[in-house]
Amino acid sequence: MKMEVYLDNSATTQVDGKIIKLMNKYFSENYGNPSSLHDFGRRAKESLDKSREIIAKKINTNKDEIIFTSGGSESNNLALNILKEGDHLITTKIEHPSIFETAKNLERKGIKVTYLNVNKEGFVDLDELKKSINKNTKLVSIIHGNNEIGVIQDLEAIGKICKNILFHTDAVQSFCKINIDVNKFNLSLASFSSHKIHGPKGVGALYVKKGLELNKMILGGHQEMNKRGGTENVPGIVGFGEAIKLIKENDIKRIGELRDFLIKELLKIPRTRLNGSKNKRLCNNINISFELIEGEGLMLHLDMKGVKVSTGSACSSQTLEPSHVLIAIGLPHEIAHGSIRFSLSKNTTKKELLYTIKKVKEVAKLLRKISPLKDDTK
Ligand SMILES: *Cc1c(COP(=O)(O)O)cnc(C)c1O
């Protein structure tokens, strides 16, 4: 029997039914503009501030340091655009495209950028970071939990190195999965997104340390403490807050156990390897390379059998370029091409994983039989 199994939760997640119900009220009843001074407006503003408070509490800060954006990408753009000509930025070779491409764009505007290497598990070398800092270094931006290979960087150690330098992290994948404490990590900026944690799409947040001035990107209003113009997405922001409230410690633990089970079973398939770190890994991320197989073929065959996975990140899966993250951890192109990401959520069941394991084994066997790739070990 064919099952539908969604294992692409790092791309996006299903919105929780409770959240949809709550959001609906903000379209039809509490539809005021938070900038309006009448009762409707004040009520909308109170709802925004409740969500702000929920996010702030989660990262151990105050609500006047949280601004709402259209998502993780905008938050990342806003954070990096704090830099001006002559400034130096340090980032890594394993960032999400919304950091990577913003950094490339900054280079064209006269900002110097250093892209740190990572080791074969995906960790940044702290000595290389220390050595890269110079008198013009204004910002260090390092992803917390990687969206492709799940590796979790030691932000506490990195924060200690970033004394007198602004420190930003893309915490979109790690938010609500790992504890984030902006004080302990010495962060000045941090990006979050709602739709990776069962909230609606098109909503995100940026933590901005008190006193820090942004280079405003959307002009036209004094919303969000004059850091981001435009009427706030009230239903979305309310949904984002509710999504955080619905996260349970128990779910995180259970997802991690399912992850370990799936890793163990998939690695029983000959000539496979796990990418990223075994221990410091997002609870829902699995990235496996299958030798002698094209990842695109494996993904499409699995899709026909109802199993939805991804090759590399959703953005790079449109192109034929191998993932820059897999290249950065030293995989040869042909192995990088044969890599698949399975990402779990609280909705994932053991039954779905048993079905997935069976289908991956079938498809891998079939594709290897007809593979044009040479097995040079025989
Ligand atoms: C999804 C993702 C983003 C982008 O967030 P959007 O809300 O989709 O714009 C940024 N960084 C990481 C690590 C992500 O996984």
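Computed from heavy atoms alone, side chains included, the values below leave out hydrogens, waters and symmetry copies. Whatever order the structure lists ligands and atoms in, that order sets their numbers, starting from 1.
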Lys216 atom NZ, over 12 foreign heavy atoms within 6.0 Å: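 Buried by this count: over 12 neighbours within 6.0 Å.
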Neighbour count above 12 (heavy atom, 6.0 Å) for Asn134 CG: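 Enclosed: over 12 neighbouring heavy atoms sit under 6.0 Å from CG of Asn134.
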Single hit among Asp260, Asn287, Val151 for side-chain contact (heavy atoms from CB on, under 4.5 Å) with Arg281: Asn287
Nearest-neighbour protein heavy atom for atom 6 (P) of ligand 1, which is reported as residue plus atom name and distance: Gly72 N, 3.4 Å
Whether Phe175 and Phe192 hold their rings parallel, tilted or perpendicular, with breakpoints at 30° and 60°: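 Ring orientation, 0 to 90° scale: tilted.
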Phe40 and Tyr31 aromatic centres sub-6.0 Å: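 Yes - the distance between ring centres of Phe40 and Tyr31 falls below the 6.0 Å cut-off.
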Does the N or O separation between [X] and ligand 1 drop below 3.5 Å for any pair?
X      : answer
Val172 : no
Asp170 : yes
His195 : yes
Ser98  : no
Ser73  : yes
Lys196 : yes

Numbering as shown, the atoms of ligand 1 that approach Ile143 to under 4.0 Å (heavy-atom distance):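 The list of qualifying atoms is 13 (C).
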Hydrophobic cluster identity match, Val182 and Val208, side-chain contacts under 4.5 Å: no
For Glu4, the option from Lys305, Lys359, Lys308 that meets salt bridge (Lys or Arg N to Asp or Glu O under 4.0 Å): Lys308
Residue selection (non-hydrogen contact nearest atom 7 (O) of ligand 1) among Ser70, Ser75, Ser193, Ala171: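 Comparing heavy atoms across Ser70, Ser75, Ser193, Ala171, the nearest one to atom 7 (O) of ligand 1 lies in Ser193.
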